[in-house]
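To keep things clear, I will list the structure first and then write my remarks on it.
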Amino acid sequence: MDPRIWSRLPDHLLEHVLSFLPLKTFLTLRSTCKHFNSLLFSPYFISRHSPSPSPPFSSFVLLSHPQFHHRCPLFNTAVNSWCNMLLPFPPMLSCPSPSSQLVASSAGLLCFSAPRSSCFIICNLLSSSLRRVKFPTCPFNYELISLVVSATNGYKLFMLSSTGSSNHALVYDSTADSWQQFGVLNPILNENYHQKGVLYDGGLFFTTPEPFHIVSFRLETGKWETPPVGLPDGLTFVRLAGDEDRNLYLVGGVGFSGISRSIKVWELGKDGENWIEVETMPEMVCRKFLSVCYHNYEHVYCFWHQGLICVCCYTWPEILYYKVSRRTWHWLPKCPSLPEKWSCGFRWFSFTPELHAYV
């Protein structure tokens, strides 16, 4: 450790030595000097710590709620417990601003809405990098916002917006740093504004209000399509979840007169034209979930997280998740940091930190 040796060590050798440190350890040391910090983005260091079958970071289910001011609790799905720390908002959102909120997440990136600054904030908290994306109009009202990250050409923000009596789709492309506006296939506005678009086969998939249908928006062309696939009979509500563009799942209530008697899970067949039933929610679990949402299905939404189909309710502090590989149902426990007198407003996100997710 003689400093006379280290100070004369060629940069490529120093980089090679430091690359053997565990990534978590190196992240705590990168504030030592600017050179150490810059190594995070060197080609050699990136190649050493590129994504592999055993990623260096755990994955989390992230909770955003009005009673957690500019911080988000994390549930570690690897050890099945809540973390002691809360994930902070970016510093520029840390000042009191009730209107700022987390609205989307994907591949290590988080998207925050900052209405007072008239912009979205796309950030990678692990690498302390962010980008401000100005609203296309002011004021700007939007819904069904989705963040789609590509391994080759940046990311896109998709959302629906209303101006007067007309609706349109807006897409922000990070590579072009610009917005595009497209028409909307009616009816597309879902009664469930908490649900995101599900990425599958190069498009974002949505369900329409009753009578239920599935529609998709092609990100590359901006065109709406109606896939040639029907839906099971007797549905009282329907939601989609996607296995990272590999499989498409449907979660739906089955009953009559708008009341669910059971909840089932289907998977889209390889032909893309038929749904294959894979699971029926156990009766006791189903009873609890239906009592939680009290048949207000507009509060129900789903998302995919590391082999889990998470079924959430905007008004309830627990997640019900289905483990696809084991075909078992479980309740994720209520966050211990949540006050005893809690209100509705539970927004859940899948979050897997990625050091090299660029903004």
Side-chain angles (χ1 to χ4, degrees), residues 51 59 104-109 111 143-160 167-176 180-190 192-209 211-232 235 237-252 264-279 301-311 322 324-325 349-350 352 354 357:
S59 61
S105 68
S106 179
L109 297 183
C111 176
E143 55 191 357
L144 292 178
I145 184 169
S146 298
L147 175 63
V148 179
V149 178
S150 170
T152 57
N153 56 356
Y155 57 86
K156 294 184 178 182
L157 274 176
F158 169 92
M159 63 203 70
L160 298 181
N167 301 315
H168 44 266
L170 290 168
V171 178
Y172 171 79
D173 189 333
S174 67
T175 57
Q180 287 184 286
Q181 180 174 311
F182 303 93
V184 172
L185 180 67
N186 291 320
I188 174 60
L189 295 179
N190 199 317
N192 177 28
Y193 54 89
H194 306 297
Q195 185 69 41
K196 314 295 181 184
V198 176
L199 183 65
Y200 179 74
D201 192 28
L204 284 175
F205 281 63
F206 303 88
T207 56
T208 69
F212 303 119
H213 292 90
I214 292 178
V215 295
S216 67
F217 178 82
R218 310 305 296 184
L219 287 167
E220 295 304 320
T221 64
K223 294 183 178 180
W224 291 94
E225 298 177 354
T226 303
V229 53
L231 292 176
L235 290 175
F237 75 92
V238 59
R239 300 291 180 264
L240 297 174
D243 179 5
E244 300 170 354
D245 204 19
R246 290 191 292 268
N247 299 291
L248 188 63
Y249 296 94
L250 184 148
V251 179
K264 297 178 181 289
V265 178
W266 294 266
E267 181 180 354
L268 186 62
K270 300 302 181 182
D271 59 3
E273 298 182 3
N274 295 284
W275 292 100
I276 302 171
E277 183 178 330
V278 296
E279 183 68 21
Y301 59 101
C302 299
F303 65 91
W304 176 269
H305 175 77
Q306 301 292 309
L308 311 176
I309 298 176
C310 299
V311 187
Y322 174 64
V324 175
S325 62
F349 301 87
S350 174
T352 303
E354 292 188 16

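Listed by chain and number, the residues in a ring-ring contact (aromatic ring centres under 6.0 Å, His included) with W275 amount to none (sequence neighbours excluded). In this structure Y249 satisfies the ring-ring contact (aromatic ring centres under 6.0 Å, His included) test together with W304, sequence neighbours excluded. In this structure, the ring-ring contact (aromatic ring centres under 6.0 Å, His included) partners of F205, at least two apart in sequence or on a different chain, are Y200.
Here the CG atom belonging to L248 is positioned 10.0 Å from the OG atom belonging to S216, to the nearest 0.5 angstrom. Taking OG1 of T207 as the start and CD1 of I214 as the end, the distance is 7.5 Å to the nearest 0.5 Å. Rounding to the nearest 0.5 angstrom, the gap separating the CG atom in L268 from the CG atom in N274 is 8.0 Å. Here CZ of R218 is found 13.0 Å from CZ of F182. Values are rounded to the nearest 0.5 Å. One finds the CG atom of L199 at 11.0 Å from the CZ atom of R246 (value rounded to the nearest 0.5 Å). Here the straight-line distance linking atom NZ of K196 with atom CG of L204 works out to 12.0 Å at 0.5 Å rounding.
By the 4.0 Å N-to-carboxylate-O rule, E220 lies close enough to K156 to be salt-bridged with it. Salt bridge annotation for K264-E277: present, with a cationic side-chain nitrogen under 4.0 angstrom from a carboxylate oxygen.
Residues L235 and F212 approach most closely at O-CE1, 3.5 Å, considering heavy atoms. Considering every non-hydrogen atom in both G197 and S146, the closest pair reads N-OG, 2.8 Å. Taking every heavy atom of both residues into account, V251 and V311 meet most closely at CG1-CG2, 4.4 Å.
Each of F158, Y301, F217 was scored for a ring pair (Phe, Tyr, Trp, His ring centres under 6.0 Å) with F206, with one residue passing: F158. Each of I309, L231, V198 was compared with L250 under the side chain to side chain contact (heavy atoms under 4.5 Å, CB included) criterion, and only L231 meets it.
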